[in-house]
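What follows is one structure encoded as structure tokens, with my remarks underneath.
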There are 2 protein chains.
Amino acid sequence: MPDRFRILVVDDEPGIVRALGINLKALGYQVETAASGEEALRKAADHRPDAVILDLGLPGIDGIDVIRGLRVWTNVPIIVLSVREAEREKIAALDAGADDYVTKPFGMGEMLARLRAALRREIDEEAEAPVIETADFTIDLAVKRVMRGGSEVKLTPTEWGVVEVLVRHQGKLVSQTQLLKEVWGPQYGEETNYLRVFIAQVRRKLEPQPSTPRYFITEPGMGYRFQVPTA
Amino acid sequence: MPDRFRILVVDDEPGIVRALGINLKALGYQVETAASGEEALRKAADHRPDAVILDLGLPGIDGIDVIRGLRVWTNVPIIVLSVREAEREKIAALDAGADDYVTKPFGMGEMLARLRAALRREIDEEAEAPVIETADFTIDLAVKRVMRGGSEVKLTPTEWGVVEVLVRHQGKLVSQTQLLKEVWGPQYGEETNYLRVFIAQVRRKLEPQPSTPRYFITEPGMGYRFQVPTA
DNA sequence: TCCGTGCGTTAGGAACGCGTCAAGATCGGC
DNA sequence: GCCGATCTTGACGCGTTCCTAACGCACGGA
């Protein structure tokens, strides 16, 4: 757990690189930059960054291939940048192993929040948490049991599958396709209605206010995310 | 409980072997390596490692078979490495007797955390008292005997097998497949009706109210769990 | 303003899993 | 070779779970 995090910013637009660089450095991050996919892979190998901010619209190598290239040897958090219209591309990026995405144009505040979340998740994982405790419930992955208010919450096999996948990827955005494949099996991927039903059931059993979820968050058009609210 | 743990790393990709080796040695572990399943089984027999890190994607012998080969004579902790998509393979590995799995690509921090957890569990198990006492009965794993109300309860061999496996995993959920394999042998896994019959018999002999079990709990669709009620 | 899309919610019928019982089949000791 | 104990196998009933379809609602674009 380094004291000063190293961030690799990959974008071919000098304006964005500069803006991010100034803000990040001001907050005490060390910043490396790259303007192409090749340079990104090389610098990542050299500098072992703690997080990567990656624009999908790069010249040369496709951004998706950069993600795959990184994922061969590292699971460093990758936050993807893309323009609003490229929905398909964003989902492909998540399936390739990206952790989160931010649409351009983006506010610096949102970007920094996502980055902090990604770094926090990294630390949590290293601290190894097979038991997730929140203000409202406790999930023990090793024993496969959920406690809430002193008593056990009964989950059906499918419900448990959904919870387990989301919690294992804590803080990370999980695409609908990936969630379906991991819970129902590889031959699934389109049946998003299954997800709607079971996510609702999980929320009914775990969320304090199922209609306004705090833990099992919907990212419209993208997928779902399990998060533990900071406050 | 050795002072310096011996770790056996099994992988055919030299990069991964090297990266793990450097990190583990730096932390004071003794490291042995193997690049094939055959070599892994041989070195395990020679060096009696305290933990095994095993890549499933080996040339030659299947990784699953390596696990089975090890499990014939040792219950050394096995941490499995596999690629993200191979969910089915991971499940098969766990059923074959693996203790944990890490998806490639992995962060070194997570790997080390899992390793520490595995070694810690082993120490706990060795130190663990093989006598379980509840309000209604006492199970002595060492002598293979169950006492209830001052007199001995006679269990048939298969009944004892079921009890022993569940009690050894005290508190943990044991899947039907795992239970079948551990009691009846590796070629079983589907015959869940056996379980229904024998679980019922065990409950009739040990539970105060067999129809509403307090110790041998059914988790519908998932498996069984032995627990000692807190109150 | 109207439509299309995506998500949440609900309800009902089919399919499945579990407990139970009892009748063969198999094993082991005498 | 017999007999009791133990394990396998099948059938039945019941409760639960999963899938499916339909509806409502919010949002964004034409």
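As a basis for the values below, the full set of heavy atoms in this structure was taken, side chains included, without hydrogen atoms, waters or symmetry mates. Convention: sequence-line order gives letters A, B, ...; per-chain numbering from 1.
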Euclidean distance, atom CG of residue B/L180 to atom P of C/dC18 [Å, nearest integer]: 11 Å
Side-chain donor or acceptor of A/Q227 paired with backbone N/O of A/R225 under 3.5 Å: no
Rounded interatomic separation in angstrom, taking CZ from B/R204 and C1' from C/dT20: 8 Å
B/S211 side-chain N/O to C/dG19 phosphate OP1/OP2 under 4.0 Å: no
Closest to the B/Y188 side chain, choosing from C/dT20, D/dT17, D/dT8: D/dT8
B/Y194 side-chain N/O to C/dC18 phosphate OP1/OP2 under 4.0 Å: no
Exercise: do B/D136 and B/Y215 side chains pair donor with acceptor under 3.5 Å: yes
Side-chain N or O of A/T218 closer than 4.0 Å to phosphate OP1/OP2 of C/dG8: yes
Atom-to-atom span, CD of B/Q209 to P of C/dG19 - whole angstrom: 16 Å
Nearest-nucleotide 5' precedence on DNA chain D, A/V197 against A/L155: A/L155
Between C/dT10 (C1') and A/Q201 (CD): distance, integer Å: 11 Å
Nearest-nucleotide pick for B/T158, side chain only, options being D/dT17, D/dC7, C/dT9: D/dC7
Value in whole Å for how far the P atom of D/dC7 lies from CG of B/N193: 15 Å
Between D/dA21 (P) and A/E191 (CD): distance, integer Å: 12 Å
Ring center gap for A/W160 and A/F198 short of 6.0 angstrom: no
Whether over 12 other heavy atoms sit under 6.0 Å from B/E190 CD: no
Distance in angstrom units between B/F198 CZ and D/dC7 P, rounded: 5 Å
Spacing of A/Q176 atom CD relative to C/dC7 atom C1', expressed in whole Å: 9 Å
N or O in side chain of B/T192 less than 4.0 angstrom from C/dG17 OP1/OP2: no
side-chain N/O A/R203 vs C/dG8 OP1/OP2, d < 4.0 Å: yes
Short side-chain donor-acceptor distance under 3.5 Å, A/R203 and A/T218: yes
Presence of A/W184 side-chain N/O under 4.0 Å of D/dC19 phosphate oxygens OP1/OP2: yes
